[in-house]
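So you know, we letter chains A, B, ... as the sequences are listed, proteins then strands, and number each from 1.
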Amino acid sequence: MSDVAIVGIGMHEFGRHDGISGMDQGVTAVRRALADCGQQWSDMEFAVGGSMDAGAADTMVSRVGLTGLPFTNVVNGCATGGTALAQAVNTIESGAGDLGIAIGFDKHEKGAFRIKGPRGKDWYGGSGLALTTQFFGMKINRYMHEHGITRPTLAKVGAKAFRNGALNPMAWRRKPLSEEEVADSLMLSYPLTQYMFCSPGEGGVAMILCRADKAKQYTDRPIYLKAAAVRTRKFGSFEVLAPSIALEHDAGPTSAASKAAFEQAGIGPEDVDVAQLQDTEAGAEIMHMAENGFCEHGEQEQMLANGDTEINGRLPVNTDGGCLANGEPIGASGLRQVYENVLQLRGDAGERQVPNDPKVAYTHVYGAPGISGVTILSR
Amino acid sequence: MSDVAIVGIGMHEFGRHDGISGMDQGVTAVRRALADCGQQWSDMEFAVGGSMDAGAADTMVSRVGLTGLPFTNVVNGCATGGTALAQAVNTIESGAGDLGIAIGFDKHEKGAFRIKGPRGKDWYGGSGLALTTQFFGMKINRYMHEHGITRPTLAKVGAKAFRNGALNPMAWRRKPLSEEEVADSLMLSYPLTQYMFCSPGEGGVAMILCRADKAKQYTDRPIYLKAAAVRTRKFGSFEVLAPSIALEHDAGPTSAASKAAFEQAGIGPEDVDVAQLQDTEAGAEIMHMAENGFCEHGEQEQMLANGDTEINGRLPVNTDGGCLANGEPIGASGLRQVYENVLQLRGDAGERQVPNDPKVAYTHVYGAPGISGVTILSR
Amino acid sequence: MTTPIANPVAVADGIFTLNDGQPVLLGSRCTNCDNHMFPRQHGCPRCMFNEQVDVELATRGTLWTWTVQAFPPKAPPYLGPVGDDFEPFGVGYVELPGQLRVEARLTESDPEKLQIGMEMEIVPFVLGTDEDGNDVVTYAFAPVTQNGDQS
Amino acid sequence: MTTPIANPVAVADGIFTLNDGQPVLLGSRCTNCDNHMFPRQHGCPRCMFNEQVDVELATRGTLWTWTVQAFPPKAPPYLGPVGDDFEPFGVGYVELPGQLRVEARLTESDPEKLQIGMEMEIVPFVLGTDEDGNDVVTYAFAPVTQNGDQS
Ligand SMILES: [Zn+2]
Ligand SMILES: [Zn+2]
């Protein structure tokens, strides 16, 4: 278990914001996080930050204050937020700093996720492969075949996301969509339709962390980081943009990061009251429920039918609308999940507050080329 | 003082290597570092790596082994290597891992440093500003005016670099040049000539670090990291690509990182036996001698005249030829300095070995937009 | 039966050869652990051993998973028809027994006709025409019909 | 004396205005700590205060440091002449008393004639001609001669 607490959080609204740079959104998130715990930028002893497409995070010091602090830029694809948080925890636990800030922001053009990745060689993209959407379609298609998940369950995940997003004033897409609307939207990559995919977006999140034993100096409602684990893929893991994969099967970096985090925290999946799981598309949320240990493979079909992952269900999942309703500004997305969990544990989640006073919250972020980050928070 | 040791080092030759990717060079450095201490990639509990232009460092796992380890990509301009090392130290000191690897590699096109930076706006570059070389010329011109440094001293720094580079089998430029040849080469940005500037280049460096109390398991010649500090610029610091600067003066991130490192190590500049100082151009080495505490401003003129910074001098500086003779693959450059110091402290530096059994070694790396990293090593 | 392609030009070198008009994928096999890789690669991600030999991959296998690419990929890099000429196409991983699973275009794009586990065979596939009028060819997999031919 | 420029077009908006043909740089001043910034910026790096007002910067100052750009900058972004038409040009920071030091082209490019501390004045500088035949103008600083005019 870690000895680190989150004492301040700040977010810039997710969505599309013409004329507001990604850096602007990061700066706003930083100012809001500082205000949340009554601190100044000059109080920060270190910073860790990341953005994929919106400039080197450390250049923001010319906007928020040239105080000389060590500022580490991290870039780990969609898992950038998880990496930033893990490095911030290491920095505090090593004694290199007692109070610091983790920052993520981004701004992507429409369609920015269509083709990318180091293996997007000419022949590969030239042949009509190399689209990340294809990977997601193929991964969930195989998973549905193996574990008896049906297409209406994908639509249920999408409808839940937009229903929750409608309750979240910081979300991008705030219009509820029915299961039919999700299922009947444009088919992009069988079996996944348009509203089952998240879009590249914009936004920023910052959070202020400190040594757990000092947390009460900064807030009367500290949230403790019981675990922060990052793992990369092992041999045999099925990942995006792979011209070939091995016959050998590995459970993937999500299972590994989840096991490591539960071990660090000394608790199990049954102790979790609310979870934010990477939902790049609807199928990902389903697979990640099992990969993170919250059910057996195949049980998701019944859980969704029962409403178990609704805000008032047994295990609320993606209570803020997830990537589907918030879009995915890569550098900010992982920290958005942690932000939502802090709100839920504080009891500040408003209309989407999980009932019964949640005590333990879980986040999982996943990104190319096969990296997962998990955090476990508690009051 | 840190509780971390360097037990293995590996380097891919610096220079220009047609047909060999930057990632290839990073992989070679990793293999050599593992061989240096008899370890396998699967023994690594974590990795921290960075490259500016040669791809996300973590994608190398498909080449060196899909073992699932947490792999953090850091990108902090020229200070990337310093940041990677500092994060590796934090990771070990926090207890998150006992044995890990720091990796830096890069590959830049010819002329890659000409124009860059987030402030390279249309009007700024359009007007003929926005060249990093201009900044270096203007900074040293002011410094020479204030502190009585003359142009022949710049040439002495250049000649020393190529003389040392000629003794280094891993260096790019291995032909000695006289002070006259350096002084009389093409004037690029007054008072700096062509051979007073480093060039964008290629190369890779990796080093394996562990808890100090376990170091003897891996090598009988561990080198201890007594300090690793990173600092960013404060208000009033004179930095590259600034359309304006404040009247107020700050001593800059190098002084701050140096002070912090000496404090961590519990020693002073007088205890250092060999130093590698950022020499993006000849003037930088001169200014950094004072900014790192090795002399007063202005004393460099006499020190260079005395030969104090030669390999057999009182304080050998840039014994491997520095950036001037090695070129600057951004992600690898800071770790090259540490690599050289490990060789010097082991007594393995061959023809360029500093005499009298050096015990304490110092590195300083500096990069845009105003970030410095310092390490202090000892046997 | 496949119609012969008049002037085939491979989409890239080192990915496959055309053997009597039939593509054969070029892979690597690790001499230490037998792990197969495609495209050819130096260094084995399974055992980290550094010695690999060139192998030709199997031309038949079974469909491991699939999807249908329903919108035009960005061109470039895509070399096939886009805009109004675009037609949805299948994409899948075909398991080559004892070797690996290879990603490929499929000649079939109807979800009703694609089934995980079905038998597949490699065929040449014309993406478009280059400026010299040659057919630019990549590899694809086609379902094998009951009499053993690809459909 | 400067020759008047027939059809001046500023290299960008929001950087300077032309006042009777004379450039005036557009800066910001922090209302909390008086820190001056150029170009205009929201948010003060000195005191982190968020309220700034627009100010026009001084048109005279002293040369704080300088260099000579001896090789052609990459074009684009550079808008001036390159190749055989390139001429080395001076670049420096001019200290505007009580405000800040601003980076600028210098009209003088001879190292023998540039001295730290010398008096400088802002002048318009024509980089080139745009496609409509207008002169693209940026700001530069010129040494002030003994009688008070710029040379
Ligand atoms: Zn192998
Ligand atoms: Zn201010």
Side-chain angles (χ1 to χ4, degrees), chain A residues 111-117 119-146 151 185-194 197 232-250 281 283 369-370, chain C residues 10-16 25 27 35-39 41 44-48 57 64-80 88-105 109 111 114-117 125 127-128 136-140:
Chain A
F113 297 167
R114 269 196 172 184
I115 303 196
K116 64 176 180 190
R119 311 200 66 165
K121 309 239 177 65
D122 282 353
W123 69 275
Y124 189 53
S127 296
L129 308 176
L131 284 88
T132 56
T133 42
Q134 294 172 350
F135 164 74
F136 292 115
M138 289 191 284
K139 188 171 181 205
I140 190 64
N141 199 11
R142 176 79 200 177
Y143 191 87
M144 291 164 76
H145 173 81
E146 281 184 14
R151 290 170 62 192
S185 65
L186 202 64
M187 181 67 77
L188 293 185
S189 197
Y190 183 93
L192 297 169
T193 65
Q194 181 178 3
F197 273 107
T232 56
R233 69 198 185 284
K234 290 191 183 175
F235 182 72
S237 177
F238 182 21
E239 303 294 344
V240 71
L241 300 181
S244 71
I245 55 177
L247 298 183
E248 222 166 295
H249 176 71
D250 177 75
E281 34 73 42
Chain C
V11 65
D13 287 337
I15 304 299
F16 60 89
L25 298 178
N35 176 41
H36 283 66
M37 293 159 271
F38 170 79
Q41 179 175 325
C44 173
R46 184 166 181 272
C47 74
M48 299 158 237
L57 298 179
W64 187 72
T65 187
W66 58 271
T67 186
V68 177
Q69 176 61 36
F71 59 91
K74 201 170 145 185
Y78 184 50
L79 299 168
F89 57 84
V91 172
Y93 280 91
V94 175
E95 181 162 328
L96 306 179
Q99 297 183 333
L100 45 60
R101 297 174 189 130
V102 63
E103 192 178 9
R105 288 182 68 122
S109 65
L114 287 165
Q115 278 164 18
I116 287 174
F125 184 86
L127 286 162
V136 178
V137 173
T138 191
Y139 60 96

Inset, instruction - Just give me the residue among A/Pro191, A/Ala246, A/Ser127 that pairs up with chain C most often, heavy atom to heavy atom, under 4.5 Å. - result: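 Greatest number of close heavy-atom pairs with chain C: A/Ser127.
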Legend entry - Which residues share a ring pair (Phe, Tyr, Trp, His ring centres under 6.0 Å) with A/Tyr143, sequence neighbours left out: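 With neighbours one apart ignored, the set is A/His147, A/His297.
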As an exercise, state the distance from [atom1] of [X] to [atom2] of [Y], rounded to the nearest 0.5 Å.
X: A/His145; Y: A/Ile140; atom1: NE2; atom2: CD1; result: 13.0 Å
X: A/Asn141; Y: A/Phe136; atom1: CG; atom2: CZ; result: 14.5 Å
X: A/Leu247; Y: C/Gln99; atom1: CG; atom2: CD; result: 8.5 Å

Which answer fits [X], side chain, backbone, both or neither, if we ask what part of it has an atom under 4.5 Å from a heavy atom of chain A?
X: C/Asn35; answer: side chain
X: C/Leu25; answer: neither
X: C/Pro45; answer: both
X: C/Ala10; answer: neither

Inset, instruction - Tell me, yes or no, whether the heavy-atom count around A/Lys139 atom NZ, taken from other residues, nucleotides or ligands under 6.0 Å, exceeds 12. - result: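 Yes, the 6.0 Å shell around NZ holds more than 12 heavy atoms from other groups.
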Most chain A-contacting option - heavy-atom pairs closer than 4.5 Å, from [options]:
options: C/Gly80, C/Gly128, C/Pro111; result: C/Pro111
options: C/Val94, C/Ile15, C/Thr138; result: C/Ile15
options: C/Leu100, C/Val102, C/Asp13, C/Leu96; result: C/Leu100
options: C/Leu127, C/Val11, C/Ile116; result: C/Ile116

Inset, instruction - Answer yes or no on whether C/Arg105 is positioned over the face of C/Phe89, meaning its NZ or CZ is under 6.0 Å from the six-membered ring centre and within 45° of the axis. - result: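 Pair C/Arg105/C/Phe89 counts as cation-pi.
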Legend entry - Contacts of A/Thr193 that satisfy side chain to side chain contact (heavy atoms under 4.5 Å, CB included) - sequence neighbours left out: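 For A/Thr193 the side chain to side chain contact (heavy atoms under 4.5 Å, CB included) partners, ignoring immediate neighbours, are A/Val182, A/Ser185, A/Met187, A/Met196.
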Legend entry - A/Phe235 versus chain C, the contacting section by heavy-atom distance below 4.5 Å: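 For A/Phe235, the side chain is the part near chain C, not the backbone.
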